[in-house]
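In what follows, every chain begins at residue 1, and chains take the letters A, B, ... in the order their sequences are listed.
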Amino acid sequence: MRQVMGLINLHEDDRYIQELTGNRPLAAVPFGGKYRVIDFLLSNMVNSGLNNVGILMPEKYRSLLDHLRSGKEWDLARKRDGLFILPPASERYSRAHRGNVEHLFQQLDYLSCVRRDYVLIGESHFVYNMNYQALFAQHLRTGADVTLLYKEMETAQTVVPGAIRLNFAEGSDRIAGMEISPWRSESRNLCMNIALLSKSLFLDLVNQAMSRGGGDFATDCLAANLNQLMIRGLRFDGCAARISTVNEYYRYNMELLKPEASAALFHPQRPIYTKVKDSAPTKYQDAAEVSDSMVANGCFLEGCVKNSMLFRAVKVQRQAQVSHSIIMQKTTVGEGAVLEYVICDKDVVITPGRVLKGDPNYPLVIRKGTVI
Amino acid sequence: MLKRECVAMILAGGQGSRLGVLTQKLAKPAMPFGGKYRIIDFPLSNCCNSGIYTVGVLTQYQPLALHTYIGIGSSWDLDRQNGGVYILPPYAHAAGAEWYKGTADAIAQNLNWIEAQHPEHVLILSGDHIYKMNYGDMLLQHVEQQADATIAVIEVPYEEANRFGIMNTDESGRIVEFEEKPRRPKSNLASMGVYIFRWEALRDQLLRDQQEENSEHDFGKNIIPNMLAEEARLFAHRFRGYWKDVGTIESYWQANMDLLDDQPELDLYDTEWAIFAVNPAQPPHYVGKDGAVRRSMVAEGCRIEGRVERSVLFYGTQVGAGAVVKDSVIMGDVKIGDGAQVNRAILAPGAVVAPGAVVGSADELTPLTVIGENTVVNCQTGGEA
C-alpha cells in the first residue's frame with residue numbers, strides 16, 4: 001500500500017443535512033459519540049498503510065483544521081509525506097454540484113510531486129471500517145483502470161438523494177453504467193464514492209475534464225469515460241453508513257447501539273482515531289439510570305438516559321429523561337427536562353423542565369449553542 | 001546555551017512494596033488510577049500546567065511500563081524543541097555501575113544532565129503522589145524569599161503527624177527545625193516531598209553528600225538536615241488541597257473511592273488544570289439494555305451488561321449480563337463473566353472473572369481482594385490479598 005496516496009474529497013453535498021452543517025463541513029459533523037465523520041475514512045486509509053493523505057478542503061473548514069491539526073492523532077505528522085491540507089483557491093469551486101475537478105486541477109503541483117503510483121480518492125460521508133488492501137489487491141489482479149467500492153442495498157427502491165448507483169455488465173464486475181443522483185433507479189448497487197486508479201490516469205482524467213470545462217470527478221472523469229476505461233467494482237460486505245441526510249445520520253448513530261454494528265465499526269485491530277480531548281472518565285451519580293446507550297468520556301450523569309448516544313462532557317441532571325436521542329459535546333440537559341428523538345448539537349443548554357420531542361422519522365435538531 | 005529558570009526531576013523509581021501484587025511488575029508511579037490515569041500523570045501534568053517544560057524522570061524499579069507510557073512525553077505536551085521529558089535510569093560509569101542508592105543519590109548521579117540544562121533552580125518531585133499543584137506559585141515564593149530551598153508542606157491531622165516529616169517554622173515561614181516522624185510533633189506541617197532548590201546550593205550539598213560514607217543519600221534524612229545545620233535559607237510553602245500518597249492497598253482503593261463523592265476534593269473535570277494522560281483509541285462505552293451503573297466512574301471502551309455500583313472502571317472492561325460489581329477498582333481490559341460477583345476488590349489489567357465466579361466479600365471487616373494482572377478467577381476468591 002506504500003505505492004498508494006490518499007485523497008479525501010470534501011466537496012460533499014450537504015443540502016439534506018444542513019441542520020448539522022451550519023458552521024461546519026459535512027466531514028466535521030460529530031458522529032459515533034466522540035468522532036467526526038472524517039475520522040473513519042482517514043483512519044481506514046492510515047490503517048491500510050497509506051502514509052500520504054491529501055485533504056481537499058471545502059468552505060467553512062475552520063473546525064476541520066482544528067480537528068486535524070498536524071495529523072498527529074492519525075500518525076500523519078511526518079517529516080516526509082503525512083497529512084496535506086489542500087485549501088480551495090476560491091469558494092466558487094467549492095460546492096459539490098459546481099464540481100470539484102477544478103479544485104483537483106489547482107492541486108496538480110502537489111499531486112505530481114507526491115511519489116506514489118496510485119491514488120485512492122474517497123469522500124468522507126461513507127462511514128465504515130475497512131482495510132483497503134483487498135481493494136488494491138483486486139485492482140492489481142484484474143488490471144482494471146479504476147476500481148470502485150460499492151455496497152449492495154436491500155432494495156433498489158430506497159431513495160438515496162445524491163447517491164451514485166452502479167450497473168454492471170452482464171455476468172461481470174465491469175461497471176457499464178453509473179447513475180449519478182438518479183431520480184429513480186433499478187440498481188441496488190450503491191457506489192461508496194471511493195476509487196482506486198493509477199496516478200498517471202488520474203492526472204490525465206483531471207486534465208481532460210478540465211479542458212472540457214471542469215465539473216465533477218465522478219461524473220466527468222469516471223462516468224464520462226465508462227466506454228474507454230475498464231472500471232470494475234468491489235463489493236463491500238460489512239456495515240457501512242451513508243451520511244447525507246438528517247434521517248440517515250440519526251438512524252446510523254442509533255444503529256451503533258447494536259453490538260454487531262459497533263463491533264464492525266470499532267474493529268479492535270483497526271482503531272478509529274480522533275482528536276484527543278483528555279476528559280476524565282464519565283461519572284454516574286446515585287440517581288443515574290442509563291441503559292442501551294453509548295457514552296463517551298467526561299459526562300456527568302444524574303438522570304435517566306435510554307437508547308441514546310452521549311458525546312463527551314454531556315451533563316444530564318436529576319430527573320431529566322433522555323431517550324432515543326443524540327446529545328453532542330458539552331450539552332447540558334437540565335433538571336426534569338424530557339428529550340425524545342432529539343439531536344442536540346454541541347454546547348446546547350436545555351433549561352430545567354423543558355419537554356422536546358421529535359419523531360423517529362423526523363428527529364428534532366437543536367442547533368449548536370442554543371439555549372432552550 | 002539556553003538557560004532555564006527551573007527544571008523538574010521526578011523520582012519515579014519507587015517500588016511501592018506495600019501494594020503487593022499490584023506493583024510486582026510495575027513501578028508505583030505507573031499504577032493505574034481514577035479510571036484512565038497513571039499516578040505519574042499528576043506530577044507530569046502539574047509540570048506542564050505550571051509551565052515547567054524540562055522534566056527528568058528517574059526510573060529504576062520495573063521501568064518497562066513506565067518508559068512505554070511516557071514515550072517522548074507528547075501526551076503532556078512535553079515533546080519539545082528545547083527541553084521536554086528525559087527518562088533517566090541508572091547507568092554504568094567508568095568506575096563501575098551502581099543503582100540509585102537513595103533519593104539524593106539519584107539526583108547526584110544525574111548531575112551532568114542537570115548541568116547541561118543550566119538551571120537556576122531544580123524542582124524535586126515524587127512520581128507517586130496524587131495532587132494538583134501549581135509549582136509556579138511555589139517557585140515565585142522561592143525566588144522572592146531568596147531561599148536556598150523551599151519545601152512544600154501540607155497540614156495533616158496532629159494524630160497522624162508522626163507518620164510524616166514535620167517542619168517547624170518561624171512567623172516568616174522559615175524552617176527552623178525538621179523532624180522525621182516525630183513522636184511528639186510540634187507542628188502539623190508535613191513535607192510533601194516537593195522541593196525547590198537553588199541549583200548551586202543543591203549541587204554543593206550533593207557533592208559533599210556523595211563523600212559521606214554513612215549517608216543514606218536521602219533528601220529527608222540527609223540533605224535537608226545538613227542544610228538546616230548550616231543555617232541555609234529554608235522556607236516552607238503552604239499547599240492547600242488534595243494530596244495523597246497511596247502507600248497501601250487500602251489507601252489506594254480509598255483514593256479511588258474518594259473520586260465517587262458528590263464533590264470530590266480532587267476535581268478531575270476542571271479543564272483549567274487538566275490532568276493529561278495517554279488516551280487509547282477506544283470508542284465510547286456502552287451500557288446494555290439490562291445494564292445499570294450507579295455512583296461510579298466508567299472510561300471509554302467498556303461494555304456493561306450487568307450492574308455496577310460504587311466502582312471505578314478503566315478502559316475496555318466488560319461486565320457480563322447478570323454480573324454485579326460493587327465497591328471495586330477494575331483496571332483496564334478486565335473481563336467479568338455473566339453472573340459473576342465482584343465485591344470490595346481491585347482487579348489488575350487483563351484479569352478475567354469466569355461466569356458465575358465470586359470475587360471478594362461485601363463484609364467490610366474482611367480485607368480487600370486483589371487479583372493480579374491477567375489472572376483468571378474460576379471460582380470463589382475472597383478475603384486474602
Side-chain angles (χ1 to χ4, degrees), chain A residues 32-35 39 43 46-47 70 72-75 77 129 256-259 262-263 265-268 270-302 305-315 330, chain B residues 33-37 41 45 48 74-77 79 256 259-264 266-271 274-305 307-317 333:
Chain A
K34 65 181 278 198
Y35 306 94
D39 292 340
S43 300
V46 169
N47 288 334
S70 67
K72 187 157 123 185
E73 269 95 354
W74 297 267
D75 264 347
N129 189 320
L256 287 178
L257 300 179
K258 295 182 187 151
S262 74
L265 192 57
F266 303 117
H267 192 286
R270 297 191 297 271
I272 306 299
Y273 302 101
T274 189
K275 184 182 175 184
V276 157
K277 285 275 160 59
D278 278 297
S279 16
T282 281
K283 179 125 178 237
Y284 290 80
Q285 295 292 91
D286 281 330
E289 259 179 71
V290 178
S291 65
D292 196 25
S293 295
M294 265 179 102
V295 183
N297 270 354
C299 297
F300 189 83
L301 309 177
E302 302 178 274
V305 179
K306 284 198 169 77
N307 316 99
S308 295
M309 178 165 286
L310 306 187
F311 283 69
R312 286 181 278 212
V314 165
K315 287 194 175 73
K330 289 191 192 157
Chain B
F33 176 80
K36 71 173 276 194
Y37 306 96
D41 287 331
S45 302
C48 170
S74 44
S75 294
W76 305 270
D77 265 352
D79 50 335
N256 277 285
L259 296 172
L260 305 179
D261 290 347
D262 274 340
Q263 306 243 275
L266 179 69
D267 181 7
L268 296 172
Y269 297 87
D270 170 18
T271 48
I275 300 303
F276 304 107
V278 174
N279 288 269
Q282 293 263 15
H285 69 258
Y286 174 75
V287 183
K289 289 190 176 67
D290 301 314
V293 187
R294 302 258 156 80
R295 182 69 58 186
S296 292
M297 271 173 93
V298 181
E300 288 172 342
C302 292
R303 229 188 141 75
I304 302 170
E305 305 283 354
R307 223 166 80 213
V308 175
E309 284 175 30
R310 295 184 303 276
S311 295
V312 177
L313 269 61
F314 288 68
Y315 286 109
T317 282
D333 298 315

| request: May I ask you to test the B:Y315-A:N297 pair for a side-chain heavy-atom distance under 4.5 Å? | output: yes
| field | Which portion of B:D267 sits near chain A, non-hydrogen atoms under 4.5 angstrom | value | neither
| task | Determine the option with the most heavy-atom pairs under 4.5 angstrom with chain A, choosing from B:S296, B:G291, B:A299. | result | B:S296
| A:V290 portion near chain B, given a 4.5 angstrom heavy-atom threshold | both
| message | At a 4.5 Å cut-off on heavy atoms, which part of A:Y35 comes close to chain B: side chain, backbone, both, or neither? | response | side chain
| said: Can you list everything that forms a side-chain hydrogen bond (donor to acceptor under 3.5 Å, both in side chains) with B:Y286? Sequence neighbours excluded, please. | reply: A:D292
| query | Between A:P259 and chain B, which part of the residue has a heavy atom less than 4.5 Å away: side chain, backbone, both or neither? | reply | both
| Which distance, rounded to the nearest 0.5 Å, do you find between the OG1 of B:T271 and the NZ of A:K330? | 7.0 Å
| Any side-chain heavy atom of A:Q285 sitting closer than 4.5 Å to one from B:R294? | no
| field | Atom group of A:S262 that falls short of 4.5 Å from chain B, counting heavy atoms | value | side chain
| Using a cut-off of under 4.5 Å for heavy-atom pairs, which of B:V293, B:D262, B:D290 has the most such pairs with chain A? | B:V293
| Should the ring pair B:H285 and A:Y284 be called parallel, tilted or perpendicular, given that the plane angle runs from 0 to 90° and is split at 30 and 60? | tilted
| request: Please flag which part of A:K306 lies under 4.5 Å from any non-hydrogen atom of chain B: side chain, backbone, both or neither. | output: neither
| message | Going by the rule side-chain hydrogen bond (donor to acceptor under 3.5 Å, both in side chains), which residues pair with A:D286 if we only count those two or more places apart in sequence or in a different chain? | response | B:R295
| request: Specify which of B:G34, B:P283, B:G35 makes the most heavy-atom pairs with chain A at under 4.5 Å. | output: B:P283
| task | Go through the atoms of A:S279 and report whether side chain, backbone, both or neither lie under 4.5 Å from a heavy atom of chain B. | result | backbone
| Non-hydrogen atoms of chain A under 4.5 Å away: do they reach the side chain of B:R303, the backbone, both or neither? | side chain
| query | Considering only heavy atoms, which portion of A:L257 lies under 4.5 Å from any heavy atom of chain B: side chain, backbone, both, or neither? | reply | both
| said: Need one label for B:E305: side chain, backbone, both or neither, based on atoms under 4.5 Å from any heavy atom in chain A. | reply: neither
